[in-house]
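In what follows, a structure is listed as C-alpha cells, so that the remarks can point back to it.
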Amino acid sequence: MRLAEVFDTTIEAMGAGGDGIAPGPFFIPFTLPGERVRAEATAKDKARLDAVLAPSPERVPAPCAHFGACAGCALQHW
C-alpha cells in the first residue's frame, strides 16, 4: 500500500496503545474491533481514520468535549 492511499478495511483487534488493528497490519486510532472503516495510509503500518462505515455496537459518544483533540483518553468511544 502506498502512502496517502485510501482503503476500506475491517478492524480485527485492539493494539496495546489503544489503536484498532486492521489487516496489513495497520494501526488506526479511534476504531473498534468489528468496525468497517475507510482509512488513509500515513506510514508503513499506520493509517488515519477517514470514516466509520459500519460502527461497532459497542461504540458510544465520547463523554469529553476534548476527545480526539488531546491524547489523554484514547478509548472514550468504547
Side-chain angles (χ1 to χ4, degrees):
M1 181 143 330
R2 293 183 299 243
L3 291 182
E5 185 172 341
V6 176
F7 60 100
D8 292 354
T9 190
T10 299
I11 304 302
E12 296 180 335
M14 290 301 288
D19 295 343
I21 303 173
F26 281 98
F27 294 87
I28 308 173
F30 310 118
T31 60
L32 298 174
E35 290 187 322
R36 185 87 180 140
V37 301
R38 178 163 294 137
E40 179 181 344
T42 59
K44 182 181 103 172
D45 63 349
K46 297 183 188 306
R48 179 183 59 81
L49 178 65
D50 282 345
V52 177
L53 305 175
S56 164
E58 296 181 13
R59 180 175 283 277
V60 297
C64 178
H66 304 288
F67 177 67
C70 86
C73 307
L75 296 174
Q76 286 194 20
H77 60 292
W78 195 0

Apart from Leu32 itself, its cluster of hydrophobic side chains linked below 4.5 Å comprises Met14, Leu75, Trp78

What is the minimum heavy-atom distance between Ala13 and Pro33, and which atoms define it?
C-CG, 4.1 Å

Cluster check Val52, Ile28: I/L/V/M/F/W/Y, side chain < 4.5 angstrom
yes

Looking at residues at least two apart in the chain, or sitting in another chain, which of them share a salt bridge (Lys or Arg N to Asp or Glu O under 4.0 Å) with Glu58?
none

With distance as the sole test, does Glu35 use its side chain to make a donor-acceptor pair with the main-chain N or O of Ile11 at under 3.5 Å?
no

Could you tell me which non-hydrogen atom of Phe30 sits nearest to which non-hydrogen atom of Ala74, and how far apart they are?
CD2-O, 4.4 Å

Quick note, salt bridge (charged side-chain N to carboxylate O under 4.0 Å, His left out) partners involving residues 3-18, not counting sequence neighbours, are Asp8-Arg38

State the CZ-CZ distance between Arg48 and Phe26, to the nearest 0.5 angstrom.
13.5 Å

For the atom pair CG (Leu53) and OG1 (Thr9), what is the distance rounded to the nearest 0.5 Å?
10.0 Å

Asp19 vs Thr31 side-chain heavy atoms within contact, under 4.5 Å:
no

